[in-house]
Number of protein chains: 2
Amino acid sequence: MPNDIFSALADPTRRNILEMLAGNDEFPASEIYDKFQVSPQAISQHLKILREANLVHVEKRAQQRIYRINTDAMVELEQWSKSMRHRWTRRLDAMEAVLKAEMKKNLKNQNEEEQSN
Amino acid sequence: MPNDIFSALADPTRRNILEMLAGNDEFPASEIYDKFQVSPQAISQHLKILREANLVHVEKRAQQRIYRINTDAMVELEQWSKSMRHRWTRRLDAMEAVLKAEMKKNLKNQNEEEQSN
DNA sequence: TCCTTTATCAAGTAAATACTTAAATAAAAA
DNA sequence: TTTTTATTTAAGTATTTACTTGATAAAGGA
């Protein structure tokens with residue numbers, strides 16, 4: 001999974017842009033510019049980073065650039081976190097299995113000792 | 001969702017630490033230090049950031065600090081990306097519904113015109 | 001053609017980040 | 001108590017980042 005996605009998401013302004021795009025079909029750059037206090041150039045730079053991270057799609061329409069969210073990148077992020085959780089829980093399950101096996105053995109040994117006494 | 005999680009995950013070294021922790025039950029800080037080229041102090045600083053983002057748990061054991069991953073934060077991340085996807089797809093579904101309704105209306109109008117002719 | 005709209009690129013800057021080495025803390029062992 | 005082990009904190013620095021203003025590009029309309 002490319003570094004870029006995580007660094008792109010690290011900035012709160014960029015996450016705001018994505019959340020804005022998630023709720024609507026499409027937005028020309030100018031409408032995105034309008035929603036933020038910072039200069040249009042600053043937002044343009046953020047959009048470039050989002051583009052490079054493949055978090056958004058752009059379509060040229062006359063002078064305008066129409067932005068849309070790319071949910072593929074979201075899926076990637078989701079799978080990364082999921083895989084982390086699963087590796088961890090699989091580890092826990094393995095530990096549990098070992099513990100259970102050990103308990104069984106101990107119980108068995110205890111029984112055998114009691115029988116021989 | 002706190003900013004901290006995303007910024008914490010933006011650094012590749014910190015993601016490596018998390019991936020290391022995901023595969024094992026627990027690690028004392030020193031074992032984490034050993035796996036990386038950078039100084040133990042640098043890793044210690046990364047661990048602090050992971051702690052503050054609630055991505056890891058720490059347990060004191062004598063002089064050692066035992067680190068474990070906290071999968072709750074992973075779940076949060078997963079839900080954020082999921083909610084983004086769902087908002088987007090819901091939007092698409094709504095658009096589709098509107099399109100279908102319009103097609104139906106057009107077909108109906110067409111039929112009526114044909115009948116009156 | 002010239003002007004306007006829409007958007008990006010470029011250069012400069014202040015603040016944040018990831019690293020370094022040196023010093024500090026705190027528990028265990030000698 | 002002194003020393004060793006494990007880890008963090010502190011201070012300094014080079015690099016990166018997010019912003020600014022000014023210049024540029026590309027399409028549309030007068």
*Rounded distance [0.5 Å steps], CD1 in B:Ile43 versus OG1 in B:Thr13*: 6.0 Å
*B:Ser39 side-chain N/O to C:dT20 phosphate OP1/OP2 under 4.0 Å*: yes
*Quick one: is A:His46 getting a side-chain N or O under 4.0 Å of the D:dT17 phosphate, OP1 or OP2?*
no
_In this structure, how many angstroms lie between the P atom of C:dT17 and the CD1 atom of B:Ile43, rounded?_
17 Å
*Working for salt bridge (charged side-chain N to carboxylate O under 4.0 Å, His left out), residues B:Glu19 and A:Arg87*: CA-CA 9 Å; B:Glu19 280 165 20; A:Arg87 277 175 65 193; 5.2 Å; no
*With distance as the sole test, does A:Arg15 use its side chain to make a donor-acceptor pair with the main-chain N or O of A:Leu9 at under 3.5 Å?*
yes
*Tell me which nucleotide among C:dA7, D:dT8, D:dC19 gets nearest to the side chain of A:Thr13.*
D:dC19
*Could you tell me whether A:Phe36 contacts a base, only the sugar-phosphate backbone, or nothing, with contacts defined as non-hydrogen atoms closer than 4.0 Å?*
nothing
*Where the side chain of B:Ser44 meets the backbone of B:Pro40, is there a donor-acceptor pair that is under 3.5 Å apart?*
no
*For the pair made of CG in B:Asp4 and P in C:dA16, what is the distance, rounded to whole Å?*
14 Å
*Spacing between B:Gln64 atom CD and D:dT4 atom P, to the nearest angstrom*: 19 Å
_Once rounded to the nearest 0.5 Å, what's the spacing between atom CG of A:Leu18 and atom CG of A:Asn70?_
10.0 Å
*A:Val38 side chain: which of D:dT20, D:dT9, C:dT20 is closest?*
D:dT20
*asked:* Mind checking if A:Ala29 touches a base, just sugar-phosphate, or nothing, with heavy atoms under 4.0 Å?
replied: sugar-phosphate
*When all nucleic acid strands are considered with a 4.0 Å heavy-atom cut-off, which category describes B:Arg14: base, sugar-phosphate, or nothing?*
sugar-phosphate
_Can you measure A:Ile49 atom CD1 to D:dC19 atom P for me and round it to whole angstrom units?_
9 Å
_What is the separation between atom CD on B:Gln41 and atom P on D:dT8, rounded to the nearest whole Å?_
10 Å
*Any idea which of C:dT8, D:dG28, C:dC9 is nearest the A:Ala62 side chain?*
D:dG28
*When all nucleic acid strands are considered with a 4.0 Å heavy-atom cut-off, which category describes A:Arg51: base, sugar-phosphate, or nothing?*
sugar-phosphate
*Report which part of the nucleic acid A:Ser30 touches: base, sugar-phosphate, or nothing (heavy-atom distance under 4.0 Å, all strands).*
sugar-phosphate
*Let me know the distance between CD of A:Gln63 and C1' of C:dC3, rounded to the nearest Å.*
12 Å
_Between A:Tyr33 and C:dT5, is there a contact of a side-chain N or O with OP1 or OP2 at under 4.0 Å?_
no
_Whole angstrom value for the distance that separates C1' of C:dT17 from CG of B:Leu9_ = 16 Å
*Distance-only donor-acceptor test (3.5 Å): side chain A:Gln45, base D:dT20*: yes
_Between C:dA7 (C1') and A:Arg61 (CZ): distance, integer Å_ = 15 Å
